[in-house]
Amino acid sequence: MSDAPAVEISGLVKNYGRTMAVRRLTLRARHRQVTAILGPNGAGKTTTVEVCEGYRRADGGTVRVLGLDPVRDARRLRPRIGVMLQSGGIPTGARPREYLQVLASFYARPIEPAALLDRLGLAESGKVPFRRMSGGQQQRLALAAAIIGRPELVFLDEPTAGLDPQARLATWELIAGLRESGATVILTTHYMEEAERLADHIAIVDHGALVAEGTPAELTGTAGQLRFRAESGIDISSLAAALPRGSRVKESPAGQYLVELPAVADPQVVATVTAWCAEQGVLATNLQIESRSLEDVFLELTGRELRS
């Protein structure tokens, strides 16, 4: 296998009328890894993936998928990739077992349909028409259709949206298994836990541009947090001054205090906070030590306002 990325996007531009959905985006995904693309609604992540899949033409820049142009080389590329869409693509009257058997017949080394249905908890729904399946069942069948041909590269757009915890866990295990078998996975998701658990590399996009990328550990860094509860309205300015340089203390919401640290909390930091509380006559409860999460990073980069 060459050292070239599985997916290479350079300066991608995609416009819808006067709206620039993707703004000179550059991104690379390596072979045999799970790359997660995160972003708020309207950030451009689905458009980016659709360009890579060949469903949309770029208005600028270049995109190469397994070394090929996804539009010009579509006939050569499609047998090598699997695509899971958020909705659509499966006939409403299709029955899971028959549908997967037909798909499997197009591939040289397909996954056994019965085994895949069982793995995704669909064995008992094998004869149920697609239109009568629950939303979660339809989602899992779409995933099965995307991977039944053992593709080299799989695009998964919100693969666990609407799934219950058991189905989500089964899907996570399946995605991890794809990587272990040598496949490359491009994943879009709104679940930060999903990205942290599955992804080797994470790209965060906003307003059509790349704002950060790296491994989960690189993005979250070594910063830490300490939380405690106490009476509301305490003057916390002197606590911030007593902590290591770069620390911040805030009350939000009332009666809940957050200490943001430049490094993971150590015993000395904990001792400083508890000593300060004792000196101020403050009874601190529910003291918790945490590392900065991917969700913290995501909100810092993309803001906390709601997006439509």
Side-chain angles (χ1 to χ4, degrees), residues 2-74 76-78 80-81 83-86 152-158 184-192 194-196 198-221 294-308:
S2 71
D3 293 332
V7 175
E8 186 167 17
I9 303 169
S10 182
L12 175 62
V13 174
K14 180 61 185 176
N15 301 313
Y16 297 116
R18 300 177 64 180
T19 301
M20 184 180 286
V22 183
R23 303 168 181 266
R24 295 175 290 279
L25 178 67
T26 295
L27 176 64
R28 292 168 179 81
R30 298 181 61 184
H31 287 277
R32 301 179 180 235
Q33 289 192 352
V34 176
T35 297
I37 304 177
L38 311 181
N41 291 330
K45 55 188 184 298
T46 296
T47 295
T48 298
V49 170
E50 288 176 344
V51 171
C52 293
E53 294 164 345
Y55 293 130
R56 298 189 185 276
R57 289 181 177 269
D59 294 315
T62 60
V63 175
R64 293 292 180 269
V65 177
L66 300 178
L68 301 172
D69 183 296
V71 175
R72 188 176 61 245
D73 303 317
R76 296 169 58 195
L77 183 61
R78 283 175 184 162
R80 301 172 62 189
I81 67 173
V83 175
M84 178 186 177
L85 304 175
Q86 287 190 43
E152 296 174 49
L153 171 63
V154 189
F155 293 97
L156 304 178
D157 198 2
E158 302 288 344
T184 303
V185 179
I186 308 296
L187 166 75
T188 68
T189 181
H190 281 105
Y191 295 113
M192 298 298 113
E194 184 165 279
E196 281 193 283
L198 295 176
D200 301 287
H201 190 82
I202 294 173
I204 300 176
V205 299
D206 196 18
H207 300 294
L210 182 71
V211 295
E213 65 176 326
T215 66
E218 288 170 344
L219 288 173
T220 56
L294 183 59
E295 182 171 335
D296 295 325
V297 175
F298 181 84
L299 292 174
E300 288 173 11
L301 293 170
T302 64
R304 297 176 180 269
E305 72 276 7
L306 296 177
R307 309 277 183 97
S308 59

Has the side chain of [X] got a donor or acceptor atom that lies under 3.5 Å from a matching backbone atom of [Y]?
| X | Y | answer |
| --- | --- | --- |
| Lys45 | Ile204 | no |
| His207 | Met20 | no |
| Asp200 | Val34 | yes |
| Asp59 | Asn15 | yes |
| Thr184 | Arg32 | yes |

Spacing of [X] atom [atom1] and [Y] atom [atom2] [to the nearest 0.5 Å]:
| X | Y | atom1 | atom2 | result |
| --- | --- | --- | --- | --- |
| Arg78 | Leu68 | CZ | CG | 12.5 Å |
| Thr35 | Leu27 | OG1 | CG | 7.0 Å |
| Glu53 | Met84 | CD | CE | 11.5 Å |
| Glu8 | Leu66 | CD | CG | 12.0 Å |
| Ile202 | Glu196 | CD1 | CD | 6.5 Å |
| Ile37 | Ile9 | CD1 | CD1 | 6.0 Å |

(request) Please say which of Glu213, Glu218, Gln33 ends up in a side-chain hydrogen bond (donor to acceptor under 3.5 Å, both in side chains) with His201. (result) Glu213

For [X] versus [Y], what's the shortest heavy-atom pair and its separation?
| X | Y | answer |
| --- | --- | --- |
| Thr302 | Asp206 | CA-OD2, 3.7 Å |
| Val297 | Thr220 | CG2-CA, 4.0 Å |
| Leu294 | Met192 | CD2-O, 3.9 Å |
| Cys52 | Val7 | SG-CG1, 4.0 Å |
| His190 | Gly39 | NE2-O, 3.7 Å |
| Val71 | Asp69 | N-OD1, 2.8 Å |

Would one find more than 12 heavy atoms of other residues, nucleotides or ligands at under 6.0 Å from atom [atom1] of [X]?
| X | atom1 | result |
| --- | --- | --- |
| Arg64 | CZ | yes |
| Glu295 | CD | no |
| Arg24 | CZ | no |

(message) Less than 4.5 Å apart, side chain to side chain, heavy atoms only: is that true for Phe298 and Pro40?
(response) yes

(message) Just so I know, are the side chains of Val13 and Arg23 near enough to count as touching, which here means a heavy-atom distance under 4.5 Å?
(response) no

(message) With side-chain contact (heavy atoms from CB on, under 4.5 Å) as the test, pick out the partner of Thr188 among Asp157, Leu156, Val205.
(response) Asp157

